Every structure is written in C-alpha cells, then in structure tokens.
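A quick write-up on the structure given underneath.
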Amino acid sequence: MALTLRSSTSFIKLKDSRCFKTLDAFSGMVCFAQIRPSCRLRAKSLTQEAQFSCERTLNLEDRRNKNWEKLHKLSDTHGENDSRVPVFVMLPLDTISYGGNLNKPRAMNASLMALKSAGVEGVMVDAWWGLVEKEGPMKYNWEGYAELVKMAQKHGLKLQVVMSFHQCGGNVGDSCSIPLPPWVLEEISKNPDLVYTDRSGRRNPEYISLGCDSLPVLRGRTPIQVYADYMRSFRDRFKDYLGEVIAEIQVGMGPCGELRYPSYPESNGTWRFPGIGEFQCYDKYMRASLQASAEAIGKEDWGRSGPHDSGQYNQFPEDTRFFRRDGTWNNEYGQFFLDWYSGMLLEHGDRILAAANGIFQGTGAKLSGKVAGIHWHYRTRSHAAELTAGYYNTRHQDGYLPIARMMGKYGVIMNFTCMEMRDGEQPGNANCSPEGLVRQVKMATKTAGTELAGENALERYDAGAYSQVLTTSRSDSGNGLSAFTYLRMNKRLFEGENWRHLVEFVRNMSEGGRSTRLSESDSSRTDLYIGFIKEKSERKMKKAALV
C-alpha cells in the first residue's frame, strides 16, 4: 500500500550541510511506499490520518514478527533485558518559536507520522530556559511544548525532553540563537562574574558559572534553585504525561546541555578543531574556591590563579609546558589543580541531579545526563582537550568512572556522543580516537552499573556511520546502549537514500544490532521511501490518502 500526504507545509528548510534553521513552507507531496497493497482508505484531514497512520503503515514483515507488540507498545524503553535498542530522533532546535508556539505544526505533524512509520521510538526536544522563563522569574510558558506533547501522543511516539539551561548559538550544529532569559542576562550585565571566564578575561554567556551554584545571585535564588523550580514547573504542567508519552528527562548541566566547561567555544572563531581549549576558572567565584582549596592543604600559592603554562585555545599539547608529554599536568601541582577543577564539575552535576531526582522521582520518567565525546588528543598522555573541559582523564587516570558513578547514584542514564565516529576518519595530527574513547566510557558505565545511551556527534546520513553505531551499541566490550538518539531531523533526512538508511538502521537496532551492515537494495521489502514531488498548483491540500 502507499500513503500519500499532500501539504502546503514543508518538513524543514536546511541551512547548511550540518544544521537547519526553520521549518519552511513548500508545496509538496510526501509518499510512503510499500510493496504489497492490502487496503484502500481515504482520510479528509490530518486529524483523521493520525488515527490510522501508526497502524496501517507498519510493513507486513513487522506484523509477522513475533516481537511486533513488544517493539511498538508504550512501555519503559530503558533497562530491558532484551538486546533491542530503541531509536529516538532529535527535533529542530527551533521546534518552539521565540514566541513560545510550536513552529509549523502541520509540517511537524507530517514529520512525526513519517518517523513513526519508520519504527522510531520517539523524538527529543529542547525545553529552552531562554524561551520558557523569558518573561520574568518563575513566569513559565509551556504552551508550545504542550502542543508538541499531544501531537507525539497522537502518533504513538515518546518524548525525551531536555531541560536546556544553556544558550543556543555559538557551538557545533547550532543553527539558531536562543540566549538565556532576559532577566538573567540583566543580572549578568550587573555582575559579569556570573558566567565562565578564561585566563584572558573573556566572558562566556552560554551558561551560568558553577562557581555560584549555591549563592542567591539570581534575584534572591541560587542557580540550583532556579533550575529546580523550572523542573518542578515542568513536572506539574505535564504530570499526566510523565512516564507515558514523556519517557525521559535529560537534565542540562552545562554548555550544549553537557556536563562540562565551555572550554572550546566556536563563537567568533575563538576555538577551532582540534585545539586543546582553555581552562574556564577565572570568574571570582571559581577563583575563590580554588584559593580555599589551596589554603586547605597549606599551598596558598597554588590558589592564586589557574595554570600559567597551559597555552591557548588553538594550540596543541606539545606547544605547552602544562600538557606536553611530561608536563605540569603530571606533577604535584598539576594533579592538585585537575582534582579541584574536575571535582567542581562533579559536584555541580551531583547538585543538579540530586534536585532532579527529588522532583521527578515516582513520575515514571527516566532521568539522563549528557557527557561530551571529546576525542581529539585522546591518544596523547595528557588528554589535553578533555582536561580543559573538566574530564580528568589521562594516561594514568580514568576520568569517566567518577562521572558514571555520580550519575549511577541517582539512577541517571549517561548519554554519550560520537558513537558514529571511526578512528580512521579523523585527521592524523589531531591524535583522535573516538573508538577508544567510546570503549573506555562503555567500560566505565559497566563498572559503575550505570545505563549508557548514545547519540551521534555530527550530522551523518551514510551507511558507514550507521554501521558504526550498530557496532558500538552492542555489549561485546563493556555496556551496550539502552537507547540511541539520532541527530537530527531536517529536510535532508527525508530524502530517498538518506531515509532508506535511517529505516534500515532503526530496524537493525530493533533487532539488537545483530546486523551491522546496511543493505544496498530493498531486497527485504521492508524499507519505506519518501520522495518530494513539487506541485504545479499553488492550491493548498489537506487530504491524506491511503491507497
């Protein structure tokens, strides 16, 4: 059978090869084709189409599969004993407009229907602090998100919702600009030390410095209290959906939502891959903590500043005295500083996750936290790029085990990136090893007894990237993945070959990653195909036909 949807609204307009900016209008036809006809139905509206899309577009082979009901029911997707890996897809960064409304709802409706047809478990969306609480302290607007939740429910999809306490804009893949709430920016303008600062005095407005986590610097509330109030408001607004439609809450803990320091900011060309980055410990709150830690061990001189020999954003380890092979990182002072710097990050994560755990406990929704896949300079002794980001991971020390244990303490899933990358694809001079890094993280989470989920770091549509994810999803060495979130939904994803790869990937993940190679042809007759056909007429269509 073939499902044809005509709409005057597009999926997503692609800004460039890595990201998009807006859902743009176009007059087109989306075709979901299957091999063998079985019925003929017609629907007059998108409301009616939703009643049959989830059931009717499932292919016949899936219907014969004895696990069909298990694969598609609304149940807990994490921690299951079988080897199935559910796949989610990230929605556009600007899914919710700056005005607080759902962007291009008809296009989103069609997109969600397509994803459900492909066997996708659900979608991920950022709940931007800068959008929801922009009108003033504790004035929350969740209406656009409520519309999305209902739409996902209509299509039988689950939601992963990210508590995004960071700015959108200035990092890899950022395609729109969503700053922190205006009232927060006003406080930052009065007290610039509220944000992370590097040795040269550059301020970074992406995220509030963890140095002031417990100080009432945001109009009488601490940053942790502000984050907790935000999450509590979300819980109260969506209590009827938590644990059902809203399956997971990912708790943002830093720039890009990741538990790290903003050590490699791309904005204004400050950092370029594969630079080592810089330590972010020079706001007055971080400096005060460093000084207190140094005085506590009788080394007052060590607390006056961060390392003076750690170089600049775009240098390599061997260009610096701190990160070179036998550098300062490995002496007594270096170990003290790195213990303090990474320890502050761990404490920050612990504070936020403790609050989130108390708020969402008993709702049925899982909690997750994201850790960055910093794979460049991984083959060096010092692992410089990881150190500046706050991960005390060197040739002699495992920096991911403490993070995994901290998350495991609260039953939080550790979400890790760069699952699609191969060592052989990386530039030789950068000493990259994404595969080695993923292996280490898989072992750390296994040792800690913490669930591991994954996502791709860069936008990829090729069979090679999908095959790599299939390989890393297995538990052959360390933890297998409990879920995978694909970055990201846009117009390119729905193009013929790209769509075929995604559908095949989702099917293979549902089979536990047993097949790590994507087929070159539709020999199994299970793939869905989407093609865009331009309409000659400008007339808007709202008909869906299942033929």
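In this text, all values refer to a predicted model and were calculated from it rather than measured experimentally.
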Of the non-hydrogen atoms in [X] and [Y], which two are nearest, and what is the gap between them?
| X | Y | answer |
| --- | --- | --- |
| F416 | A372 | CE1-O, 3.3 Å |
| L242 | A365 | CD2-CB, 4.0 Å |
| H383 | N393 | CB-O, 2.9 Å |
| A453 | S482 | CB-OG, 4.1 Å |
| A384 | I276 | CB-CG2, 3.7 Å |
| A444 | A404 | O-CB, 3.9 Å |

Using a 4.5 Å cut-off on heavy atoms from C-beta on, say whether the side chain of [Y] contacts that of [X].
| X | Y | value |
| --- | --- | --- |
| H155 | N109 | yes |
| V161 | Q250 | no |
| N204 | T197 | no |
| E121 | F484 | no |
| Y378 | Q440 | yes |
| S200 | Q312 | no |
| M151 | L112 | yes |
| I403 | M407 | yes |

Any chance you could measure [X], atom [atom1], to [Y], atom [atom2], to the nearest 0.5 Å?
| X | Y | atom1 | atom2 | result |
| --- | --- | --- | --- | --- |
| I413 | K366 | CD1 | NZ | 5.5 Å |
| L387 | F323 | CG | CZ | 5.5 Å |
| N141 | I96 | CG | CD1 | 9.5 Å |
| Q160 | L91 | CD | CG | 10.0 Å |
| N415 | L259 | CG | CG | 12.0 Å |
| N490 | L93 | CG | CG | 10.5 Å |

Exercise for the section: Check side-chain contact (heavy atoms from CB on, under 4.5 Å) between P181 and all other residues, then give those that pass, not counting sequence neighbours. Expected result: W129, W183, V184
Completion exercise
Sorted by chain and number, sequence neighbours left out, side-chain contact (heavy atoms from CB on, under 4.5 Å) with S209 holds for Y196, D283, M286
Any donor-acceptor pair under 3.5 Å linking the side chain of [X] with the backbone of [Y]?
| X | Y | value |
| --- | --- | --- |
| H166 | G257 | yes |
| H377 | P274 | yes |
| N498 | R492 | yes |
| Y145 | D126 | yes |
| E420 | A457 | yes |
| K134 | G100 | no |
| E133 | M138 | yes |

Exercise for the section: Report the C-alpha separation of L148 and M108 in whole Å, then their side-chain angles, then the decisive distance to 0.1 Å, and conclude whether the side chain to side chain contact (heavy atoms under 4.5 Å, CB included) test is met. Expected result: CA-CA 9 Å; L148 177 66; M108 181 60 69; 4.2 Å; yes
For residues [X] and [Y], establish whether the separation of their ring centroids is below 6.0 Å.
| X | Y | answer |
| --- | --- | --- |
| Y400 | Y391 | yes |
| W329 | Y392 | no |
| W128 | Y98 | no |
| Y341 | F279 | yes |

Completion exercise
Paired with Y313, the side-chain hydrogen bond (donor to acceptor under 3.5 Å, both in side chains) test is passed by just one of T270, D198, T388, namely D198
Problem - Side-chain donor-acceptor pair present, Q280, Y282, cut-off under 3.5 Å - result: no
Exercise for the section: Decide whether N479 and T445 meet the rule of one side-chain donor and one side-chain acceptor closer than 3.5 Å. Expected result: yes
Practice task
Determine, step by step, whether K409 and N357 satisfy the side-chain hydrogen bond (donor to acceptor under 3.5 Å, both in side chains) criterion, reporting the C-alpha distance in whole Å, the side-chain angles of both residues, the deciding distance to 0.1 Å, and the verdict.
Solution key: CA-CA 10 Å; K409 181 169 66 170; N357 184 59; over 6 Å; no
Handout entry: Where at least one partner belongs to residues 227-238, residue pairs that pass salt bridge (charged side-chain N to carboxylate O under 4.0 Å, His left out), sequence neighbours excluded
Key = E143-R237, R221-D229, D229-R232
Problem - K370: salt bridge (Lys or Arg N to Asp or Glu O under 4.0 Å) partners, not counting sequence neighbours - result: E258, E455
Handout entry: Residues that K239 engages under salt bridge (Lys or Arg N to Asp or Glu O under 4.0 Å), provided they are two or more places apart
Key = none
Exercise for the section: On the 0 to 90° scale, with breaks at 30° and 60°, tag the Y140-W142 ring pair as parallel, tilted or perpendicular. Expected result: parallel
Exercise for the section: Look at the rings of F238 and F234 and say which category their plane angle falls in: under 30° parallel, 30 to 60° tilted, over 60° perpendicular. Expected result: tilted
Exercise for the section: Please report the C-alpha distance between S293 and W302 in whole Å, then the side-chain angles of each, then the deciding distance to 0.1 Å, and finally whether the side-chain hydrogen bond (donor to acceptor under 3.5 Å, both in side chains) criterion is met. Expected result: CA-CA 9 Å; S293 295; W302 289 359; over 6 Å; no
Exercise for the section: Would you sort out whether E187 and R219 count as a salt bridge (Lys or Arg N to Asp or Glu O under 4.0 Å), showing the intermediate values? Expected result: CA-CA 8 Å; E187 296 305 307; R219 300 194 182 180; 3.1 Å; yes
Exercise for the section: Mind running side chain to side chain contact (heavy atoms under 4.5 Å, CB included) on V469 and M509 for me, showing each step along the way? Expected result: CA-CA 9 Å; V469 174; M509 292 289 270; 4.0 Å; yes
Exercise for the section: Apply side chain to side chain contact (heavy atoms under 4.5 Å, CB included) to I246 and I249, showing your working. Expected result: CA-CA 8 Å; I246 302 173; I249 306 297; 3.7 Å; yes
Handout entry: Lys/Arg N to Asp/Glu carboxylate O, E495 vs K491, below 4.0 Å
Key = no
Problem - Salt-bridge present (R199, E278; N to O < 4.0 Å) - result: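 Salt bridge flag = no for E278 with R199.
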Under 3.5 Å, side-chain donor or acceptor atoms of residues 210-218 against the rest of the protein: list the pairs with distances, not counting sequence neighbours.
| unit_1 | atom_1 | unit_2 | atom_2 | d |
| --- | --- | --- | --- | --- |
| D213 | OD1 | H348 | ND1 | 3.3 |
| D213 | OD2 | H348 | ND1 | 2.6 |
| D213 | OD2 | R351 | NE | 3.1 |
| D213 | OD2 | R351 | NH2 | 3.0 |

Exercise for the section: Take S368 and M414, measure what side chain to side chain contact (heavy atoms under 4.5 Å, CB included) needs, and give me the verdict at the end. Expected result: CA-CA 6 Å; S368 67; M414 183 166 161; over 6 Å; no
